[in-house]
Amino acid sequence: MEEPLYLHIPSCGELWYRQKIMQDPDTMSYNKGYDLDFDGYDKATGCIAFPEQEWTDWYAWFIGQEPRRFYAYIVRESDGEFIGEVNVHRNEDAGWYEMGIVLEAKYRGKGYAVDALRLLLEHAFEKMDADAVHNDFEAERSAAVQTHLSAGFTKYRQENGIIELLITREQYFRLKG
């Protein structure tokens, strides 16, 4: 039986959890070895530094900025445990929202990802009036591909080892019934 989840917009003081997962090599292992242009990115581990002195500026940029962007923790309803994070942000050039989801490593493979992604899509389409939500990543990440397909995304394009997945507003509401 899957445990119910909900999304929680963290307070600035709760960003300790984001710092924790961004600095966990097991959680961030999907990120390692790539040439990413992030301040504080460690190519060897995939981790991204998120020092406390950056929290206030990051918070002001991401939180309370709907409909341009949205960020929340994924929370297990039974005990209030933070298990990961989700976000969407408007891509003005493409006319859709880009999204991200990170489940803490110890919670992967336990049936949370699809439900968390559905909660994010519900927020994007029902509260932010998104026209479409897009994600792209390495096609070899089969679990991530399957999670997105199970949540209603369709394959948009694939080239150079990168798969792009998309779900439109129409597709979301058709699936929701």
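Just so it is clear, the structure is predicted and the values come from calculations on it, not from any experiment. Any value given below was found using the heavy atoms of this structure, including those in side chains, with hydrogens, waters and symmetry copies removed.
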- Message: Suppose the criterion is salt bridge (charged side-chain N to carboxylate O under 4.0 Å, His left out): which pairs have a residue in residues 19-35, not counting sequence neighbours?
- Response: Lys20-Glu104, Asp35-Lys43
- Give the minimum heavy-atom separation between Phe125 and Ile167, together with the two atoms involved. CZ-O, 3.4 Å
- Query: Which atoms form the tightest heavy-atom contact between Ile163 and Ala139, and what is the distance?
  - Reply: CG2-CA, 3.8 Å
- Task: Answer yes or no: is there a side-chain heavy-atom contact under 4.5 Å between Thr154 and Gln171?
- Result: yes
- Message: Pairing donors with acceptors under 3.5 angstrom, does anything connect the side chains of His134 and Asn91?
- Response: no
- For Leu5 and Ala116, which heavy atoms make the closest approach, and how far apart are they? CD1-N, 3.9 Å
- Task: Kindly confirm or rule out a cation-pi arrangement of Arg141 over Phe137, judged by NZ or CZ under 6.0 Å from the six-membered ring centre and within 45° of its axis?
- Result: yes
- Atom pair OH/CZ of Tyr97 and Phe70 - distance to nearest 0.5 Å: 11.5 Å
- Message: Could you tell me if Trp96 and Glu98 have a donor-acceptor pair between their side chains, going purely by distance under 3.5 Å?
- Response: yes
- Task: Compare all side-chain heavy atoms of Ile63 with those of Arg69 and state whether any distance is below 4.5 angstrom.
- Result: no
- Message: One pair to check against side chain to side chain contact (heavy atoms under 4.5 Å, CB included): Tyr6 and Ile74. What are the steps and the verdict?
- Response: CA-CA 6 Å; Tyr6 66 92; Ile74 306 160; over 6 Å; no
- Query: Applying the ring-ring contact (aromatic ring centres under 6.0 Å, His included) test to Phe50, which of Trp58, Phe38, Trp16 qualifies?
  - Reply: Trp58
- Item | Distance in Å, Glu122 CD paired with Arg118 CZ, rounded so as to fall on 0.5 Å steps | 11.5 Å
- Task: Determine whether Thr27 and Val102 make a side-chain contact, defined as any pair of heavy atoms from C-beta on separated by less than 4.5 Å.
- Result: yes
- Message: Taking CG in Asp129 as the centre, count heavy atoms belonging to other residues, nucleotides or ligands within less than 6.0 Å. Is the count above 12?
- Response: yes
- Message: Given 3.5 Å as the limit, does a donor-acceptor pair link the side chain of Asn31 with the main chain of Gly46, or not?
- Response: yes
- To the nearest 0.5 Å, tell me how far Glu66 CD sits from Ile9 CD1. 6.0 Å
- Item | Any residue meeting side chain to side chain contact (heavy atoms under 4.5 Å, CB included) with Ser150, in chain and number order, not counting sequence neighbours | Val114, Gln146
- Minimum heavy-atom distance Ile101-Ala113, with the two atoms named: CD1-O, 3.9 Å
- Item | For Lys155 against Gln158, the heavy-atom pair lying closest together | NZ-OE1, 3.2 Å
- Can you find a heavy atom in the side chain of Gln19 that is under 4.5 Å from one in the side chain of Trp55? yes
- Query: With a 4.5 Å heavy-atom cut-off, do Leu103 and Ile83 have their side chains touching?
  - Reply: yes
- Message: Please check this pair: side chain of His123 against backbone of Leu119, looking for a donor-acceptor N/O pair closer than 3.5 Å.
- Response: no
- Which side chain to side chain donor-acceptor pair (under 3.5 Å) pairs, counting each pair once, include a residue from residues 76-90, with sequence neighbours left out? Glu3-Ser78, Arg18-Glu85, Tyr71-Glu85, Arg76-Asp79, Arg76-Tyr112, Glu81-Tyr107
- Message: Could you measure the distance from the CD1 atom of Ile48 to the OH atom of Tyr41? Nearest 0.5 Å is fine.
- Response: 7.5 Å
- Per side chain to side chain contact (heavy atoms under 4.5 Å, CB included), Met99 is matched among Asn135, Leu121, Leu165 by Asn135
- Query: Roughly how far apart are Phe153 CZ and Leu117 CG, rounded to 0.5 Å?
  - Reply: 5.0 Å
- Item | Atom pair CZ (Arg157) and CG (Leu166), whose distance is rounded to the nearest 0.5 Å | 10.0 Å
- Task: Determine, for Glu170 against Arg174, whether the closest basic-nitrogen to carboxylate-oxygen distance falls under 4.0 angstrom.
- Result: yes
- Note on the structure: Correct closest heavy-atom pair for Leu7 and Val86 would be CD2-CG2, 3.8 Å
- Message: Can you tell whether the side chains of Glu126 and Lys176 come within less than 4.0 Å, N to carboxylate O?
- Response: yes
- Task: Compare all side-chain heavy atoms of Thr168 with those of Asp131 and state whether any distance is below 4.5 angstrom.
- Result: no
